[in-house]
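All values below come from the heavy atoms of this structure, side chains included, with hydrogens, waters and symmetry mates left out.
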Amino acid sequence: MHNSPRPARTRTPVLRPGVRHALHAPRGARLARRLVSHRLHEWGHPYNTTANDTVTLIAAELAANAVRHGHVPGRDFHLRLTIDADADATTIRIEATDTRTERVPALASPAPDAEAGRGLLLVAALATRWGTTSRIATPGKTVWAQLVVSDRVQNVARVTN
């Protein structure tokens with residue numbers, strides 16, 4: 001009997017509804033995008049729809065900012081995705097929490113040739129609302145964004161795609 005080593009299994013973490021997930025920087029920003037897109041697909045907002053693409057882009061920007069501006073060595077950032085649906089619309093909320101209290105994000109006007117500084121401009125343009133909240137019990141902040149999706153528009157997008 002030949003005992004050959006089994007190949008290592010890799011497991012993609014699952015983003016559970018309403019649960020904060022610790023993601024390691026900098027790999028976490030890329031993983032956040034994948035997890036958000038996958039979860040939205042499971043929640044009825046399929047891949048390549050406006051809602052999925054928009055929230056995934058917002059999540060990528062918030063996660064990238066948490067890694068770039070909010071990272072403290074030895075600490076991860078946390079990601080939370082929630083959805084609240086009623087008869088007329090669905091509100092999707094994405095939160096990125098880091099441990100840097102002193103670095104609160106603000107909209108900036110970067111120079112036309114600047115290679116960075118446009119992430120929050122994208123978030124502000126795409127999200128219905130966005131903002132920051134200080135953490136109460138521990139140092140840090142949460143940067144959040146919400147996208148309100150009309151269910152009627154989303155259902156039309158499903159039929160035409």
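- The minimum heavy-atom distance linking Ala63 with Ala96 is given by the pair N-CB, 4.5 Å.
- Here the closest non-hydrogen pair linking Ala59 and Val36 is CB-CG2, 3.8 Å.
- Note: the hydrophobic cluster containing Leu121 also contains Val143 (ILVMFWY, side chain heavy atoms under 4.5 Å, direct or indirect links).
- Side-chain contact annotation: Asp84 with Thr91, donor-acceptor N/O pair under 3.5 Å absent.
- Note that CG of Asn65 and CZ of Phe77 are 10.5 Å apart. Values are rounded to the nearest 0.5 Å.
- Residues passing the side-chain hydrogen bond (donor to acceptor under 3.5 Å, both in side chains) test with Ser109: none are found, sequence neighbours excluded.
- The CG atom of Leu40 lies 8.0 Å from the OG1 atom of Thr49; values are rounded to the nearest 0.5 Å.
- One finds the CG atom of Leu81 at 4.5 Å from the CD1 atom of Ile94 (value rounded to the nearest 0.5 Å).
- Taken to the nearest 0.5 Å, the CG atom of Asn48 stands 10.0 Å off from the NE2 atom of His41.
- Among pairs with a residue in residues 134-149, those fulfilling salt bridge (Lys or Arg N to Asp or Glu O under 4.0 Å) read Asp98-Lys141, at least two apart in sequence or across chains.
- The side-chain heavy atoms of Ile92 and Thr90, taken from C-beta on, include a pair separated by under 4.5 Å.
- Between the side chain of Ser37 and the backbone N or O of Arg33, no donor-acceptor pair lies under 3.5 Å.
- Trp43 and Ile58 fall within the same hydrophobic cluster, where Ile, Leu, Val, Met, Phe, Trp and Tyr residues are linked whenever their side-chain heavy atoms come under 4.5 Å apart, directly or through other members.
- Taking NE2 from His45 and OG1 from Thr56, the interatomic distance works out to 11.0 Å, rounded to the nearest 0.5 Å.
- With sequence neighbours left out, the salt bridge (charged side-chain N to carboxylate O under 4.0 Å, His left out) criterion links Glu102 to Arg100.
- Linking ILVMFWY residues whenever their side-chain heavy atoms come closer than 4.5 Å, directly or via other members, leaves Val148 and Leu57 in distinct clusters.
- Counting heavy atoms from C-beta outward, Ser150 and Asp88 have side chains that stay 4.5 Å or more apart.
- In this structure, Thr101 contributes its side chain and Gly140 its backbone to a donor-acceptor pair below 3.5 Å.
- Residues satisfying the side-chain contact (heavy atoms from CB on, under 4.5 Å) test with Arg129, not counting sequence neighbours, are Trp144, Gln146.
- Hydrophobic cluster membership is shared by Leu107 and Leu126, with clusters built from Ile, Leu, Val, Met, Phe, Trp and Tyr side chains linked at under 4.5 angstrom.
- In this view, Arg68 satisfies the salt bridge (charged side-chain N to carboxylate O under 4.0 Å, His left out) rule with no residue, not counting sequence neighbours.
- Scored by the salt bridge (charged side-chain N to carboxylate O under 4.0 Å, His left out) test, Arg93 finds Glu95 as partners (sequence neighbours excluded).
- One finds the CZ atom of Arg39 at 11.5 Å from the CG atom of Leu79 (value rounded to the nearest 0.5 Å).
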